Amino acid sequence: MSPAEQQSAANRPAKTSAELLATPVKFIKGVGPARGELLERLGLKTARDVLFFFPRDYQDLTDMRSIADLEEDKLLSVRGVVEEVELRSTGIGRSMLGVLIRQDRLYLRALWFNQPYMREKFTRSQDVLLSGKAALRGGRWEMAHPRVQWIDPDEEAPAGQMLPIYPLTEGLRQGNLRGIVREALEAYVDLLDEVFPETYLQAKNLWPLRQALREVHFPANPTNLAQAQLRFVYQELFILQLALAVKRHGQETQAGAPKLEATPRVDARIRRLFPFELTAGQDAAIREIAADMNRPIPMNRLLHGEVGSGKTVVAVYAMLLAVAHGYQAVLMAPTEVLARQHARTLAQLLAESRVRIGLLTGALVGRDREELLGRIGRGELDVVVGTQAIVRSEAEFAKLGLVVIDEQHKFGVRQRAMLRQAGSNPESGRGLSAISPSPSTGEGRREGVAQQKGTVPLSPANPHCLIMTATPIPRTITMTLYGDLDISKLADLPAGRQNIHTYLVRPEERPKWWDFFRKKLREGRQAFVVVPLVEESETVATANLEATFEELAHGELEAFRLGLVHGRMPPEEKDAAMQEFRAGQTQVLVATSVVEVGIDVPNATLMTIAGAERFGLAQLHQMRGRISRGAHPGYCAVFAEVESEEVIERLQAFVDTTDGFRLSELDLEMRGPGNLFGTRQHGLPPFRMADLGRDSTVAKEARDDAKRLVASDPGLRQPEHEKLRRMVLSRYGQALDLGDVG
């Protein structure tokens, strides 16, 4: 560098910590442009990204042994060289892979049963690290199904440490990435700001950020790793709970929601419209909802429950309560099929009232659409049922008092917020007369249609909001991801619900199942056949709709009338297929999981689910719930395309219980929250470290702590909370529409 350049550099202001942490990865020691491109494939663009790129697993070297020192029934690690690889058949569809590992002059055999794909992972002279429990058989040590880590020959793996295992991309090895992370920690970790006050860390027994980061990447032992992970698990859950608590505080302190009291007179008028007795669970949920709607702040309540427990009836009560006070109500469904079904159900249930119902979807255009939008704006419709067209249209509500969102997890956070903020004019509305018996049957009940255009205008209106799901949600999920909502739960079923018999049908048993299936069809019943995919996939070997339809139409079910429905069909074709099935014109509906929600065909009592391992337990339970709605018992069979031990265990759990809440907990345990009600389904950033299935105790603690902190400092405005406030806004401000905290 020339003297002039040196002088110029000296005159430049020093970079801030934030600027240094934003250093592009290619400038980290040992990276360079080529590796920088590889790191960017993993989403690592800056030094900060590398620091928070947590290992996906660890190789425990705290008990490294030589083969001479192995002991039975202890978790041990052995490093050696691949000497021999042998894959042999042990019967039809069965195999055994043996890999001989040499350590000096001693040998250990690693065995994998029925995992032939592992053969391609081993070559002679590879350096490997095996972890597992060893057993002495015939004078030789063996490890069955050990965890294996492939090690660079020049990589040190000293005893007494734990090696991090990171997600990789082609061209990048574990040794490379470990070295890069070490360099990043050395150069940048001390630039990071601690978000928690020192007194808070001490009170909660949490490690400081910098110490925790070093140990989470290169832990000295399992105890240190657990303590480091706890710091990040707690922080992730606590920041989310702070965001939800702040949002809830804002909802509870905003004014303008209408007080809608369920007086004895109103209650009697509503219940008179129901031709059946409500269950104890429905009555309890209605009491909770009515109490919320009689407050001057917006209700924000989640109603979840068992499949078939009658959530729609509870929602209808809430909508009629709004209508009785002269307000409009909206019911939004995720699909047009379900929206149309809701509209039919309401029209039948409210046939003896003067409640005016409109259907707003994206199916039709033109004059019908304009007429419906005009009627909504003039307050000539009391209840509007629809799809996302409601939030995409320019509909302006005359006096919106209640928003009901069905199958809420299929909508993003912003879609729900837009609908809740739809316009209101307190000068219009008809009141109690709307739910009185109509002078002539059918008066005032029309269905309109609108296309999906524009956006709902935002306004100061604050309608009450009830969101529903027919999927029972595990307690940890409701506590963590729904912290801004009150919860109502429906567990009991209405009288008259039929039993469903469920079977796990193995390949050799399928001809017998199809015989039974055809027998029931000949008796007049109808059936669903559900498959995971619409088309054949190059990457997923499982049943698909097109092939299954053809096979059944020319094979097991060739004597019967088959229909077809899936989510990619145009709405009018989908609706026509459902109408034909509902009317009995088709006997068997071959479908994707589009039928999992809300499809109500009482005569359909049979279901075959192909590729069942591709669905979660909660989703399987939802689909099974379609066949218990009539006068005959239901029969459900699940077929597995892949029959691993894990798959069979999971599907057997589905067969053994019809308790949706229990299945939801099992689903969380077996599949994790990402496949159930993970943060992505809520439009929230994903967790990096926390696991809602594993960390339920920490989640509860974080929730309680966040509620206490927001109660004492609602806007997080105290100086010691400034960094927490910034983190809440940066991570959840947009997703939860927090605006400016406080």
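Because the structure is a prediction, the values reported are computed rather than measured.
Rounding to the nearest 0.5 angstrom, the gap separating the CE atom in Met468 from the OG atom in Ser488 is 12.0 Å.
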Practice prompt. Begin with the C-alpha distance, continue with both residues' side-chain angles, and end with the deciding distance and a verdict on side chain to side chain contact (heavy atoms under 4.5 Å, CB included) for Leu338 and Thr335.
Written response: CA-CA 5 Å; Leu338 184 52; Thr335 66; 3.3 Å; yes

Practice prompt. Using the side chain to side chain donor-acceptor pair (under 3.5 Å) rule, take Glu336 and Thr387 through it: C-alpha gap first, then chi angles, then the decisive distance, then the call.
Written response: CA-CA 6 Å; Glu336 188 162 326; Thr387 58; 5.5 Å; no

Practice prompt. Carefully, step by step, assess His342 and Asp406 under the rule side chain to side chain donor-acceptor pair (under 3.5 Å).
Written response: CA-CA 10 Å; His342 277 319; Asp406 195 15; 2.7 Å; yes

Worksheet item: Which is it for Asn603 and Gln526 under the side chain to side chain donor-acceptor pair (under 3.5 Å) test, yes or no, and what are the steps along the way?
Response: CA-CA 6 Å; Asn603 191 47; Gln526 289 171 273; 3.1 Å; yes

Discussion item. Pair Asp382, Tyr327 - check side chain to side chain donor-acceptor pair (under 3.5 Å), show working.
Written reply: CA-CA 7 Å; Asp382 303 305; Tyr327 285 85; over 6 Å; no

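The local environment of CD in Glu277 is sparse, with at most 12 non-hydrogen atoms from other residues, nucleotides or ligands closer than 6.0 Å. Residue-environment remark: CZ (Arg295) stays at or below the threshold of 12 foreign heavy atoms within 6.0 Å.
Residues Asp283 and Arg271 are paired through a salt bridge, judged by an N-O separation under 4.0 Å between the basic side chain and the carboxylate. Ionic pairing of Arg272 and Asp267 is not present here: no N-O contact between side-chain nitrogen and carboxylate oxygen is shorter than 4.0 angstrom.
Taking the ring centre of Phe661 as origin, the terminal cationic atom of Lys489 falls inside the region bounded by 6.0 Å and 45° from the ring axis. For Arg624 and Phe654, the positive end sits near the middle of the six-membered ring, less than 6.0 Å away and at most 45° from its axis.
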